[in-house]
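Numbers restart at 1 for each chain; the letters A, B, ... are given by sequence-line order, proteins then strands. Only a predicted model underlies this, so the values are computations on that prediction, with no experimental measurement involved.
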Protein chains: 2
Amino acid sequence: MTNELALAALGDPTRRTIFECLSDRPSAVGELAQLLPVSRPAVSQHLKVLKDAGLVVDQKVGNRRIYRLDPNGIGDLRDYLERFWGCALTTFKMKSEQKGQE
Amino acid sequence: MTNELALAALGDPTRRTIFECLSDRPSAVGELAQLLPVSRPAVSQHLKVLKDAGLVVDQKVGNRRIYRLDPNGIGDLRDYLERFWGCALTTFKMKSEQKGQE
DNA sequence: CCAGTTCGTTAGTCATAGCTTACGGTAAGT
DNA sequence: ACTTACCGTAAGCTATGACTAACGAACTGG
């Protein structure tokens, strides 16, 4: 699933930084590359991974290409993670309540 | 931060499978290895990563070593992720409401 | 039409992650 | 005490991922 791609994508620290930059404001590739300690092609490749993971969308405007976060993909990942550890957290909650009750 | 370790840890599919197995029930290393297509030492190494990330705790019982999910670490990661994309999702919500209003 | 941007893609290098095999250490059973 | 089971760690190999440099495409402005 694309959620697994998203999780793998966010495993890389550089991509997390890119994600946070885009969280601040939509940006072009060159702008992101200036903020990061890597070259512009590297940023391009990271953006491709984020795009395939459904976390980011791009839009051509004039000469440049603006990237922004994709709320749909992010929402999907959020829901996926809720189900992912929802069970573990609820059983813990049950135990803590059970313990406070005795 | 350990939250970044946790994200990197969950980036690997084998570790996600281990996580899900432990979500079902606490298990020893050998039990997990039987369910997975990798060797027992590989499982041990994955469990170490998950443990360093604060997602898992272990407990010696007799000859074996039982691993279980750590609700504290999982809760921390959950909160971290909420802050992580909280901004992106709220700005989207504002836009959708703004769009539905016009 | 011709430079100058901005960007994606490719080829190639280098480091790291994941895996297995082998070994040592501890606990339980006979 | 000896064997068996269960586990962590180290060493070594291999595949994969991240990066850079180089190239070509699309758009802009003189």
Are B:V49 and B:I74 connected in a single hydrophobic cluster, I mean Ile/Leu/Val/Met/Phe/Trp/Tyr linked by side-chain heavy atoms less than 4.5 Å apart?
-> no
Under 4.0 angstrom between B:Y67 side-chain N/O and D:dC6 OP1 or OP2 =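 So the side-chain polar atoms of B:Y67 never come under 4.0 Å of the phosphate oxygens OP1 or OP2 of D:dC6.
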Please determine if a side-chain N or O atom of B:K48 lies less than 4.0 Å away from the OP1 or OP2 oxygen of D:dG8.
->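 Indeed not, no polar side-chain atom of B:K48 lies that close.
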Atom-to-atom span, [atom1] of [X] to [atom2] of [N] - whole angstrom:
{"X": "A:Q59", "N": "D:dC27", "atom1": "CD", "atom2": "P", "result": "15 Å"}
{"X": "A:R16", "N": "D:dG17", "atom1": "CZ", "atom2": "C1'", "result": "15 Å"}
{"X": "A:D58", "N": "C:dC7", "atom1": "CG", "atom2": "C1'", "result": "11 Å"}
{"X": "B:R65", "N": "D:dC6", "atom1": "CZ", "atom2": "C1'", "result": "11 Å"}
{"X": "A:R64", "N": "D:dG29", "atom1": "CZ", "atom2": "P", "result": "12 Å"}
{"X": "A:L32", "N": "D:dC19", "atom1": "CG", "atom2": "P", "result": "14 Å"}
{"X": "A:I66", "N": "C:dT6", "atom1": "CD1", "atom2": "C1'", "result": "11 Å"}

Atom OG1 in A:T17, atom CG in A:D12: separation rounded to 0.5 Å?
-> 8.5 Å
According to the interplanar angle, ranging from 0 to 90°, do the rings of B:F84 and A:F19 count as parallel (below 30°), tilted (30 to 60°) or perpendicular (above 60°)?
-> parallel
Please walk me through it: do B:L5 and B:L50 pass side chain to side chain contact (heavy atoms under 4.5 Å, CB included)?
-> CA-CA 8 Å; B:L5 289 178; B:L50 290 171; over 6 Å; no
So, B:R65 and B:Q59: side-chain donor and acceptor under 3.5 Å apart, yes or no?
->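 Absent: no donor and acceptor within the cut-off.
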Which heavy atom in B:L32 sits nearest to a heavy atom in B:C21, and how many Å separate them?
-> CD2-CB, 3.7 Å
Might you list the N or O atoms of the protein lying below 3.5 Å from N or O atoms in nucleotides 18-25 of chain C, with each pair's distance?
{"unit_1": "C:dG18", "atom_1": "OP1", "unit_2": "B:D12", "atom_2": "OD1", "d": "3.4"}
{"unit_1": "C:dG18", "atom_1": "OP1", "unit_2": "B:R15", "atom_2": "NH2", "d": "2.9"}
{"unit_1": "C:dG18", "atom_1": "OP2", "unit_2": "B:R15", "atom_2": "NH1", "d": "3.3"}
{"unit_1": "C:dC19", "atom_1": "OP1", "unit_2": "B:T14", "atom_2": "OG1", "d": "3.3"}
{"unit_1": "C:dC19", "atom_1": "OP2", "unit_2": "B:H46", "atom_2": "NE2", "d": "2.2"}
{"unit_1": "C:dT20", "atom_1": "OP2", "unit_2": "B:S39", "atom_2": "N", "d": "2.6"}
{"unit_1": "C:dT20", "atom_1": "OP2", "unit_2": "B:S39", "atom_2": "OG", "d": "2.7"}
{"unit_1": "C:dT20", "atom_1": "O4", "unit_2": "B:Q45", "atom_2": "NE2", "d": "3.2"}

